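First the structure, in the form of structure tokens, and then the observations on it.
Predicted model, so just to flag it, every value in this text is computed and none were measured. So that the names make sense, note that chain A is the first sequence line, chain B the second, and so on, each numbered from 1. Only this structure's heavy atoms are used, side chains among them; waters, hydrogens and symmetry mates stay out.
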Amino acid sequence: MQSSVFSQAGASGVSLGRVMAEDAFEAVVGAHHAEIRRYLLRVTARASDADDLSQETFLRAFRAYRALPPGANVRAWLFTIATNLGRNHFRAQSRRRRAYAAVALESPAGAPERADGRVLADEARARVEQVIGGLPEKQRLAFIMRKMHELDYAEIGSSLCCSEESARAHVFQALRKIRKGLDGQLSAGTEPGS
Amino acid sequence: MSETSCREIEPHLLASAMGEAGPDAVERVRVHVAGCPECREELVRYREVDSMVDTLRRTPGPDDDATLARAQLTSRLADLRSRLVTFGIFPSPLGPLLIGRSEMGVAVVEYLPASGSLTAHARRLLGEEAVEDRAATDGLRAELLEYLEGRRARLAWPLDPRRMRSDFQRRVLEATAALPYGAVTSYAGIAARIGAPSAVRPVAQALRWNPLPIVIPCHRVIGNDGDLTGYAGKRVELKQRLLAVEGIQALPAGRHDFKVHRESMYTLMNGDVEYCLPTCGSLAERPISELTLFGTRERAEAAGFAPCSSCRPDLHPLPA
């Protein structure tokens, strides 16, 4: 009489269809988590935020995964979720973000001439990161998605709820600002490469 | 190709430096910078920027280790999966019903109110994380409807016991789940079966909060006098209908209740292997708690019991 009714799973005539969906989601995590975390690290510039937000991205994705149409662009969809979480995060922490931007602007715009070209290049790269960190939010996100993760403009547009054209404009505007921010650190004047 | 101004060429110059320009634009930029040193310089700078950005892209940073976050994610996903309830709502002969399941098994069956927002009701019951997914509960829905139409005697579902409130309730529900299809006993009978004969009221409470009505057949548990006493709040008529599906007649008794008349039930003494007529031996004096009552011989025999060799219910069946 006490043979447990709660351990009769093996005898069930009901197939638990979700098991397959879960296996598929494991594959999604395996394929995309590292990249999404890297994206969020670039966006937030903090490992702990990237850890938290990347986990949250996939927890949200898991809840919505079953409703995703077959053949959907899962990677772009994850970027959209991560982008929204990143933007909410900044809204919640706008003070911290202003502090970040202030730090980015503290270093001198024009670095002094150095004999060592490699040091110069390293400094220039650090400066690029700083300028990216100080960009307006949409430009920064669009630029990171385009240049660091090679999403196309349509994907970036849907992540930022804007048109493909606006997405392109954000990226170009970001590039102009980075270019200006590097005045004096570029070896301008040499012959253009072909 | 016509002359292009510096202002016009600028976006193409950027696109060209990023490697995104089409052949036409590349050609226009080439022609322009051939005659414009300033723009040539700009192109070089933009290419340098692009190359630096590309280096940044390819250079892992010091914090670029996802191992810890991934491990935490795996554990949080496992936790979410185990808690996540997927539910479906559908009409039934007993009114709108909800079935909720986790990855472990069926976690909840609920009678929903006939009006109002059923999904909102479901979320109050299951929490905001619950996911409505008809497809995931469709097989369960089909089997439950077969059951309610009398075309299926068993719902052999894996169950998720985590909505049960205590070990005591779990024991009550296990004993209830062991009651055969087409049979009833009393609250005191369940109390006796779990070795707590004085805990009749706690047994009734445990059954009142049964998270899996129908599946765990609390409708097969009645009062010692045969009254159905209660079901799903004040909806004792549902209990009468569920019992009728299984071949047990409960007749109206008073304004709000129904009664199972034991003199019209085949009777099994607990622990016995033969079922009897209700008048066999001293059975009529025994409390229902010591008995299992069957509505039909077919049900008693389907549950594995043989007709009593002295009262011979097979030769002298009760009037239908």
side-chain contact (heavy atoms from CB on, under 4.5 Å) assessment of A/E150 paired with B/R57:
CA-CA 10 Å; A/E150 299 176 313; B/R57 179 175 67 78; 3.9 Å; yes
side-chain hydrogen bond (donor to acceptor under 3.5 Å, both in side chains) involving B/S75 - partner list, sequence neighbours excluded
none
Tell me, with the steps shown, if B/L14 and A/R179 meet side-chain contact (heavy atoms from CB on, under 4.5 Å).
CA-CA 10 Å; B/L14 261 70; A/R179 149 81 186 78; over 6 Å; no
Honestly, the part of A/L41 sitting under 4.5 Å from a heavy atom of chain B is side chain
For a side-chain contact (heavy atoms from CB on, under 4.5 Å) check, start with the C-alpha distance between B/L80 and A/R63, then their side-chain angles and the critical distance, and finish with the verdict.
CA-CA 9 Å; B/L80 173 61; A/R63 293 184 193 110; 3.9 Å; yes
Charged N to carboxylate O under 4.0 angstrom, A/K147 versus B/D50?
yes
Looking at every non-hydrogen atom in both residues, tell me the closest pair between B/L77 and A/F58 and how far apart they are.
CD2-O, 4.2 Å
Would you call A/R46 and B/D63 a side-chain contact if the rule is heavy atoms closer than 4.5 Å?
no
Rounded to the nearest 0.5 angstrom, the CG-CZ distance for B/D64 and A/R37 is 6.5 Å
Would you find more than 12 non-hydrogen atoms of other residues, nucleotides or ligands less than 6.0 Å from B/R7 atom CZ?
no
Is it true that A/R127 and B/E48 have a side-chain N and a carboxylate O under 4.0 angstrom from each other?
no
pair B/E10-A/F172: side-chain heavy atoms closer than 4.5 Å
no
Kindly compute the distance separating CG (A/D152) from CD (B/E20), expressed to the nearest 0.5 Å.
10.0 Å
Please rank B/D54, B/T67, B/L56 by heavy-atom pairs under 4.5 Å with chain A and give me the top one.
B/L56
Which residue pairs satisfy the ring-ring contact (aromatic ring centres under 6.0 Å, His included) criterion with at least one member in residues 52-87 of chain B, sequence neighbours excluded?
none
Identify whether the distance between the nearest side-chain nitrogen and carboxylate oxygen of A/E56 and B/R76 falls below 4.0 Å.
yes
A/S54 and B/A69: which non-hydrogen atoms are nearest, and at how many Å?
OG-CB, 4.1 Å
Measure distances from A/R146 to the heavy atoms of chain B and classify the residue's part below 4.5 Å as side chain, backbone, both or neither.
side chain
Evaluate the criterion side-chain contact (heavy atoms from CB on, under 4.5 Å) for residue pair B/V53 and A/M148; output intermediate values, then yes/no.
CA-CA 8 Å; B/V53 168; A/M148 302 287 166; 3.8 Å; yes
For B/A15, is it the side chain, the backbone, both, or neither that has a heavy atom closer than 4.5 Å to a heavy atom of chain A?
both
Selection from A/L59, A/D51, A/I144 maximising heavy-atom pairs under 4.5 Å formed with chain B:
A/L59
